[in-house]
Structures are given as C-alpha cells and as structure tokens.
Q: 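Take a look at the following structure, please.
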Amino acid sequence: MRIIVIGAGIVGVSTAYRLQQGGHDVTLLDKGAVGMGCSFGNGGAISPDLCVPIALPGMLRRVPRWFADPLGPLVVRWSHLPRALPWMVRWIREGKDIQKVRANSNALRALHRRALMDYREMLGPDYSQHIEETGQIYVWQNDRSGPVEILAKTLREEHGVKAERLDSAEIQRIDPHLNPIYKNGLHFPENGHTLNPLRLVEALAERFRAHGGRIINDEFVSFSITSGAARSAKCVNGSYDAQAFVLATGIDGATMASRLGDSVSIQAERGYHVMLPAPNIRPSIKISNRDHMFGLTPMRDGVRISGTVEIANAAAPPNYKRAEALLTRAQEMYPSLNTEGATFWMGSRPSTPDSLPIVDRATTAHNVIYAFGHGHSGLTGAPMTARIVQALIEDAQPPIDAAPFRHSRF
Ligand SMILES: Cc1cc2nc3c(=O)[nH]c(=O)nc-3n(C[C@H](O)[C@H](O)[C@H](O)COP(=O)(O)OP(=O)(O)OC[C@H]3O[C@@H](n4cnc5c(N)ncnc54)[C@H](O)[C@@H]3O)c2cc1C
C-alpha cells in the first residue's frame, strides 16, 4: 500500500520503518527536521518495566506540596487553568478508580514490554551504538512507604517486573559518585536508555531512507476525504495521495483528530532538560530522583538532567527557571557536577489523562490511523505502537489488545 506517515518523531519514524519492513511504499512527512519535536529532548529512558500510570490513588495528596513550590515537580500556569481543567478532572478520576488504574497498568505493560527487543530488531547491528541495557535506579532520600509507592509495588509485582530494593550501601555501590544521602532505592535491571534520543530517531530515519523510504519536508493542513476515506494529505506546499495515512503528530494530534470529528483529551505536560557537555562525573546508571521527580541520564555527549511537569499551553514561552531548578537539584545529588556549557530545552509531552496513547482509526476516514498521545513514555511505547498501526492498516490482529488505545474512551 502507498502510505504517508505524518510526523517524524520517534513514533512516526518507528511506524514508517515498521510499515516499510512490512512491504509497504511509505513516505514520511514533517514540517520540521526529523526528531526535533518532543523526541529531541527526552530523558532517554527505555523502560519495558514501566507499568505504573501517572494518575494513582493517593497522588492528589502530594499535589498541594508540589504546587506550593513554583519551581517544583508540578505546576499549572494559572492563565491556562480554564483550558486544562477538563483534562485535570479526568486525570483525577482516572487515579481514583482502582479498576481503571489496573486496566491502564495492564495496557502500559503490554505496550512497553517488548521495547528493547523491538529496538534491537529495528536497529540491527547498530543497536549498541544507540542503546545501553544497563538498567535504571530510583532513589529516595525519604521513607517511601506511602500508599502511592505501595500500589506501584503491587502493580509491578502483578506484572512480574524485576525491581530489587536497595539500601544506602547498595545505592552507593551502584553509583559511587552519588551523594550518600539516599536511604532507599529500587533497581530495575531490565530497563535501559538511549545514548542520544535525537540520534536514535535519525538512525531509524536513515535506515528507512536507505531502504527506499522518502522523507518530505512540508506542513500538513487537512485531508481531502471522499466516501469515508482520505485520498490525499493537503500540505502548505503540495498535496500527497496515498491509500492510508498515519497521524503521528505528537502534541498536535488532538487538533487534527478534532477536524476528523474525534474528540480526544490531550494536554501538554511541558518538561525541561539541561544538557551538561562536560559534567566532570558521569552517573553509572540512568537514575531517577523520586523525591523531586526528575532524572539524570548518562548520554554520549554528556549528562542530561530532565523532568518536571508544567501544565501550560504548548506554544507559551518556556520558563527556563524550571531548568535551572533541575540543575540545582542535580548538584545536590552530585556535588562535583560541572555545569559549564549547560544548554536548556523545553518540550511538550502529549499526555492523556490515563497515560495511554491513542492508536486507532479515525471515525470519518477509515484509512487514517492516529498514533499519538504517548505522554511520559513515547520513546518506550513507539515500537509497539508501530506494530499496532501496521495491524490496523493491514486489517490484521494487533499483537496486543489495542482496545485500551481507542479514541472512543474519551
Ligand atoms: C522532559 C521530558 C523527558 C522525557 N523522558 C522520556 C523518557 O525518558 N522515556 C520515554 O519513553 N519518554 C520520555 N518522554 C516522552 C517522549 O519524549 C514523548 O512521549 C515522545 O517524544 C513523543 O513522540 P512523538 O513522535 O509522538 O512526538 P514528537 O517527537 O513531538 O513528534 C511529532 C512530530 O510531528 C510533527 N508535526 C506536528 N504537526 C505537524 C504538521 N501539521 N505537519 C507536519 N508535521 C507535523 C512535528 O514537527 C514533530 O516532528 C519525555 C518527555 C519530556 C518532555
């Protein structure tokens, strides 16, 4: 089939490559350069074990403490509150209903479980240039016996996730550079990270191109639709015909779906990163500070500090004070961190209230497939998303239950 994939982030590129491997004639289209959306600046974690949705019972109790700190892990730009409110209310509801939490957890685990295996298959001999399977650790300075952590532990156990408890001596053994103030930790030996998120997307795009794939630089505007099927993608500089289309447009997905008559709930959870090119020390493993909800990743070109959630309009100017605050927190963890040459970045996680992406057929055009809304874990969820999209396009059975990703849930 002739297929156009719109959006060249990690989701679009993985999907284009997977479809091409399935024998289709695929064109990838983006208004910017490959991988320069949210996929550019993420924390690089690839976490097959990630099965805990963001909205959980007990989470709300933490929110006032976070809100009290304008540079803390979660803030809402008050001017944006009226627009964000429906999404936030739905987020709260998702976290209150334990049945939903369990269902969301099952779907996340299925979506993520094969991530490293799939990247290995997609990248072939280049895999180890891009991905390290060295595990991840979470650390807490404080006691971690609250209800949120107890539920997270239960969910992980239900899914057979390997998570080893660490005391301060064990944390120190894994990462001797870390300030010895962390009393509790968890080690996930089966997770990994990429050494450069942008290079990973580019490498997949290069493989796609090497196998005859086309990449077009143009801005998608709308579909021309007749008899319930999209015939062409109308863009700023031209119109492109195909038999099927994939919308992998990240944060812009919801607007596009609404033009096709589908209402989905997506909010920009804006995150920040600081890249340190000459950090002086290198964490020996991808590490998450769970007291302050951010992480450090040892990457090829330095150390990346990333995290925080800012509920705001995706197009509003960044507040780089949030990135500076990340830097200060990271220096508490690694006092000898060299911050010279630090660069800052902000990007919008395309987040749904239930932490699950939308991977489904559009209602008014059966040959348009949505593939967006991956929130905090798109790098991890991209390969399985690509497999589901392929199944939808080929009218085949998806490799996992795709019902949780339907847009009709909104
Ligand atoms: C601070 C931070 C840390 C993160 N850490 C992690 C992590 O450690 N692990 C993890 O798994 N995930 C992480 N994430 C989440 C992850 O980065 C996202 O879920 C993922 O990048 C989403 O990918 P995408 O391809 O859907 O979107 P994008 O990468 O944003 O790609 C969408 C593309 O669509 C294009 N596009 C949009 N509109 C149009 C149009 N009209 N015409 C043509 N092209 C268009 C854009 O130009 C863009 O290139 C993090 C996110 C942030 C912000």
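Whatever order the structure lists them in is the order used to number ligands and atoms, beginning at 1. Basis for what follows: all heavy atoms, side chains included, without hydrogens, waters or symmetry-related copies.
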Q: Under 3.5 Å between any N/O of Phe220 and any N/O of ligand 1: does that happen in this structure?
A: yes
Q: Does Ala45 reach ligand 1 with a nitrogen or oxygen that is under 3.5 Å from one of the ligand's nitrogen or oxygen atoms?
A: yes
Q: Ring centroid separation for Phe188 and Tyr138, is it under 6.0 angstrom?
A: yes
Q: List every atom of ligand 1 that sits less than 4.0 Å from any heavy atom of Gly347, numbering the atoms from 1 in the order shown and giving each element.
A: 53 (C)
Q: Which of the numbered atoms in ligand 1 are under 4.0 angstrom from any heavy atom belonging to Met256?
A: 38 (N), 39 (C), 40 (C), 41 (N)
Q: Answer with yes or no whether the side chains of Ser239 and Lys234 bring together a donor and an acceptor at under 3.5 Å.
A: no
Q: How far is atom 31 (O) of ligand 1 from its nearest protein heavy atom, and which residue and atom name does that atom have?
A: Gly9 CA, 3.5 Å
Q: Return the closest protein heavy atom for atom 44 (N) of ligand 1 as residue, atom name and distance.
A: Lys31 N, 3.2 Å
Q: Is Asp30 close to ligand 1, meaning an N/O of one under 3.5 Å from an N/O of the other?
A: yes
Q: Strictly under 4.0 Å, does any heavy atom of Arg349 approach an atom of ligand 1?
A: yes
Q: Short N/O distance, under 3.5 Å, between Gly375 and ligand 1?
A: yes
Q: Determine the sole option in Lys153, Arg109, Arg102 for which the salt bridge (Lys or Arg N to Asp or Glu O under 4.0 Å) test with Glu158 is passed.
A: Arg102
Q: Tell me which protein heavy atom sits closest to atom 22 (C) of ligand 1, plus the residue, atom name and distance to 0.1 Å.
A: Ser39 OG, 4.2 Å
Q: For ligand 1, which atoms sit closer than 4.0 Å to a heavy atom of Tyr272?
A: 1 (C)
Q: Between Arg282 and Asp175, does any side-chain N to carboxylate O distance fall below 4.0 Å?
A: no
Q: Measure the distances from the heavy atoms of Glu269 to every atom of ligand 1 and state whether one is below 4.0 angstrom.
A: no
Q: What do you reckon, does Ile6 have a nitrogen or oxygen under 3.5 Å from a nitrogen or oxygen of ligand 1?
A: no
Q: Return yes or no for this condition: an N or O of His376 is under 3.5 Å from an N or O of ligand 1.
A: yes
Q: Distance to 0.1 Å, residue and atom name: give those for the protein heavy atom nearest to atom 25 (O) of ligand 1.
A: Val11 N, 3.1 Å
Q: Would you mind checking which non-hydrogen protein atom is closest to atom 50 (C) of ligand 1, with the distance to 0.1 Å?
A: Asn42 CB, 3.3 Å
Q: Could you check whether any heavy atom of Phe372 sits closer than 4.0 Å to an atom of ligand 1, since that is the contact criterion I want to use?
A: no
Q: In the protein, which heavy atom is nearest to atom 30 (O) of ligand 1, and how far is it?
A: Cys38 N, 2.9 Å
Q: Name the orientation class of the two ring planes belonging to Phe40 and Trp345 (parallel below 30°, tilted from 30 to 60°, perpendicular beyond 60°).
A: tilted
Q: Would Glu170 and Arg173 pass as an ion pair if we require N to O under 4.0 Å?
A: no
Q: Test your reading of the structure: does Asp252 have an N or O sitting under 3.5 Å from an N or O of ligand 1?
A: yes
Q: Are any of the side-chain nitrogens in Asp395 or Arg361 under 4.0 Å away from the carboxylate oxygens of its partner?
A: yes
Q: Can Asp218 be said to touch ligand 1, with heavy atoms closer than 4.0 Å?
A: yes
Q: Under 3.5 Å, N or O to N or O, is Gly7 touching ligand 1 that way?
A: no
Q: Do the side chains of Glu202 and Arg209 get close enough for a salt bridge, i.e. N-O under 4.0 angstrom?
A: no
Q: Taking the six-membered ring where the residue is Trp, are the ring centres of His273 and Phe344 under 6.0 Å apart?
A: no
Q: Can Lys162 and Glu157 be counted as an ion pair, charged N to O under 4.0 angstrom?
A: no
Q: For residues 218-238, which residue pairs pass the ring-ring contact (aromatic ring centres under 6.0 Å, His included) check, not counting sequence neighbours?
A: Phe220-Phe223, Phe223-Phe245
Q: So, Ser348 versus Arg270: side-chain donor-acceptor pair below 3.5 Å or not?
A: no
Q: Does ligand 1 come near enough to Glu219 that some N or O of the ligand is less than 3.5 Å from an N or O of the residue?
A: no
Q: Tell me whether Glu121 is salt-bridged to Arg387, with the criterion being a basic N under 4.0 Å from an acidic carboxylate O.
A: yes
Q: Do Gly44 and ligand 1 have an N or O pair less than 3.5 Å apart?
A: yes
Q: Starting from atom 5 (N) of ligand 1, find the nearest protein heavy-atom neighbour and note its residue, name and distance.
A: Gly43 N, 2.9 Å
Q: Any side-chain donor paired with an acceptor under 3.5 Å for His159 and Ser105?
A: yes
Q: Find all atoms of ligand 1 within a distance of less than 4.0 Å from any non-hydrogen atom belonging to Ile10, and give their numbers and elements.
A: 23 (O), 25 (O)
Q: Is the shortest heavy-atom distance from the side chain of Met293 to the side chain of Thr308 under 4.5 Å?
A: no
Q: Please work out which of Ala248, Gly37, Gly32, Gly12 has its closest non-hydrogen atom nearest to atom 32 (C) of ligand 1.
A: Ala248
Q: How close does the nearest protein non-hydrogen atom get to atom 27 (O) of ligand 1, and which residue and atom is it?
A: Gly250 CA, 3.7 Å
Q: Verify the distance criterion only: is there a donor paired with an acceptor across the side chains of Glu310 and Tyr272 at less than 3.5 Å?
A: yes
